[in-house]
Protein chains: 2
Amino acid sequence: MFNKVLIAEDHESSNISIRKALEDFGVLSNDYVYYCDDALTRISHAIRSGKPYDLLITDLSFDEDDTPQKISSGTELIKAVKEFQPDIKILVFSAESKPATIDNLFKELSIDAFVRKARRDVTELKLALEAIFNKKTYLSTELRRSIQLSNTYEFKEYDIVLITSLSKGMLQKDIPGYLEKKQIKPYGLSSVEKRLNYIKEALNFTKNEQLIAFCKDIGVI
Amino acid sequence: MFNKVLIAEDHESSNISIRKALEDFGVLSNDYVYYCDDALTRISHAIRSGKPYDLLITDLSFDEDDTPQKISSGTELIKAVKEFQPDIKILVFSAESKPATIDNLFKELSIDAFVRKARRDVTELKLALEAIFNKKTYLSTELRRSIQLSNTYEFKEYDIVLITSLSKGMLQKDIPGYLEKKQIKPYGLSSVEKRLNYIKEALNFTKNEQLIAFCKDIGVI
DNA sequence: GTTTTCCTTACGGGAAACCGTAAGCGATAG
DNA sequence: CTATCGCTTACGGTTTCCCGTAAGGAAAAC
């Protein structure tokens, strides 16, 4: 069984339920915090005291309040934690449903499990704990399917720059100047046009508006 | 103390925490359901059996799953419930944070309390219960303030139609034909242009792409 | 050294969007 | 009945976007 588990979750209601789920699952020792900064402190202390945590359960979005934080999101927390303790297991418990975001958690941050706050979330939490304990990863089949669907086109860094610029209201004809200033190549207007056309072609879209809507939906911008 | 309380909340984790909060508050009898339809059934049965509920605690958004429902949202549920039992107290517990929506709940549906799923939500739940028990309404001062400050643009049905059309790739010049077919007025191209300009003006945007991104962010499309 | 290939950039014609102005038209008041 | 107001629609000029084609330039192949 897990020896030490840390919960980083700002919502009191979720925090309570996670604790209860851990209890039901048979985890004896767990700590909980409401802020990312506190989580990082606890983890570094635990390492120094020779009793590191096995598992971090964390939310992704943390509300801001009148206690200013250095780390303000779950993804930042995970990155920071992994620098201290690369082998710690990570379970993300979040309301996030955008496929691209979830996909990135596994690929970039190599988390071990993702459970969406939803109908059967506590049941899924326990399944995820079980999976992690058996050195596997966990993602509900429902979410796994939606990730596959959204992976029709792989957005490059360059694509994201273009699409983000458009979504901020930049004129297409002004993008070349912007790219040049940022030393991003290619920066010719034709290349921008060509690339955008290529993306839209690949996704079977005709208009920029459609592309923006899609990217927002899957969470790449 | 409340004699009978019903909880309508699809997220298992939230449901558990609400139950615990009620327990802590000293409510002896509470029932809970995961679907709106079940909630309505329970309430009507309770009336017929002569032991109606005092209080309904409900979420606003319910995930769809493979169990099709007649009532799919908290607002619909509240409307339906109030027809059966106009004097029932309503506490809405939701992650919703849009001031306009919350404002409407009090004004149109005359709910008694709203607690946002947030940092201290369980504590607030108890405060809200206390308030309702004393025949008052409850809304956290933080949210009360944000409702007053809310000067965000209010999207009309018509706006949503236009923006949705764009986000689906429809050409602006084709929108008039679409509107006419759907009997939506005004349908002139100039009116469409004018309206879109008006919206962008109000939000300080210059391009459609920006507008689409914004609407996706705040969830109106 | 020349040719080929691939990628980037430049250019120009046509379509769509943008924007200001004017005309149409129903409701209401005088 | 006429005048005014508010709203919708029509029109035309300008800008931006779209898209095909061609020129430039660097790396690889011959």
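What you see is a predicted model, and the numbers here were worked out from it, not measured in a lab. Atom set for the values below is all heavy atoms of this structure, side chains included, hydrogens, waters and symmetry mates excluded. Just so we're on the same page: letters track the sequence lines, and every chain starts at 1.
Distance from the side chain of B/S191 is smallest for D/dT9 among the nucleotides D/dC18, D/dT9, D/dC17.
With rounding to whole Å, A/L196 atom CG is found 17 Å from D/dG20 atom C1'. Atom CG in A/L162 sits about 12 Å away from atom P in D/dC18, given to the nearest Å. Taking atom CG on A/L166 and atom P on D/dC18, their separation rounds to 9 Å, with Å as the unit. Taking atom NZ of A/K194 as the reference point, atom P of D/dA22 lies 14 Å away to the nearest angstrom. One can place CD1 of B/I175 at 16 Å from C1' of D/dT9, the figure rounded to the nearest angstrom.
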**Request:** Kindly express the pairing pattern of DNA chain D in dot-bracket notation, using | wherever a base pairs with another strand and counting only Watson-Crick or G-U pairs under 3.5 Å.
**Result:** ||||||||||||||||||||||||||||||
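Mapping A/K173 and A/S190 onto DNA chain D by nearest heavy atom places A/K173 at the nucleotide closer to the 5' end. The 5' end of DNA chain D is approached more closely, in terms of each residue's nearest nucleotide, by B/L189 than by the other of B/L189 and B/K207.
In this model, a donor atom of one side chain and an acceptor atom of the other lie less than 3.5 Å apart for B/T123 and A/E12. Donor-acceptor pairing under 3.5 Å is recorded for the side chains of A/S13 and B/D121. Remark: the A/E124 side chain and the A/Y138 side chain contain an N/O donor-acceptor pair separated by less than 3.5 Å. Looking at B/Y34 and B/D59, their side chains never bring a donor and an acceptor atom within 3.5 Å of each other.
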**Item:** Test log, rule side-chain hydrogen bond (donor to acceptor under 3.5 Å, both in side chains), inputs B/K200 and B/N208
**Value:** CA-CA 8 Å; B/K200 281 183 277 188; B/N208 282 343; 2.9 Å; yes
**Item:** Check against side-chain hydrogen bond (donor to acceptor under 3.5 Å, both in side chains), A/Y198 and A/D159
**Value:** CA-CA 10 Å; A/Y198 173 76; A/D159 302 336; over 6 Å; no
**Intermediate values then yes/no, salt bridge (charged side-chain N to carboxylate O under 4.0 Å, His left out), A/R120 and B/D63** = CA-CA 11 Å; A/R120 298 260 189 64; B/D63 282 352; over 6 Å; no
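One donor-acceptor pair, N or O on each side, does fall under 3.5 Å between the base of D/dC19 and the side chain of A/E193.
Reading DNA chain C from its 5' end, the first and the last nucleotide to sit under 4.0 Å from a heavy atom of chain B are C/dA16 to C/dC19.
Across all strands, B/L171 comes closer than 4.0 Å only to sugar-phosphate atoms, never to a base (heavy-atom distances).
Taking the centre of each ring, B/F114 and B/F106 stay at or above the 6.0 Å mark. B/F133 has its ring centre less than 6.0 Å from the ring centre of B/F2.
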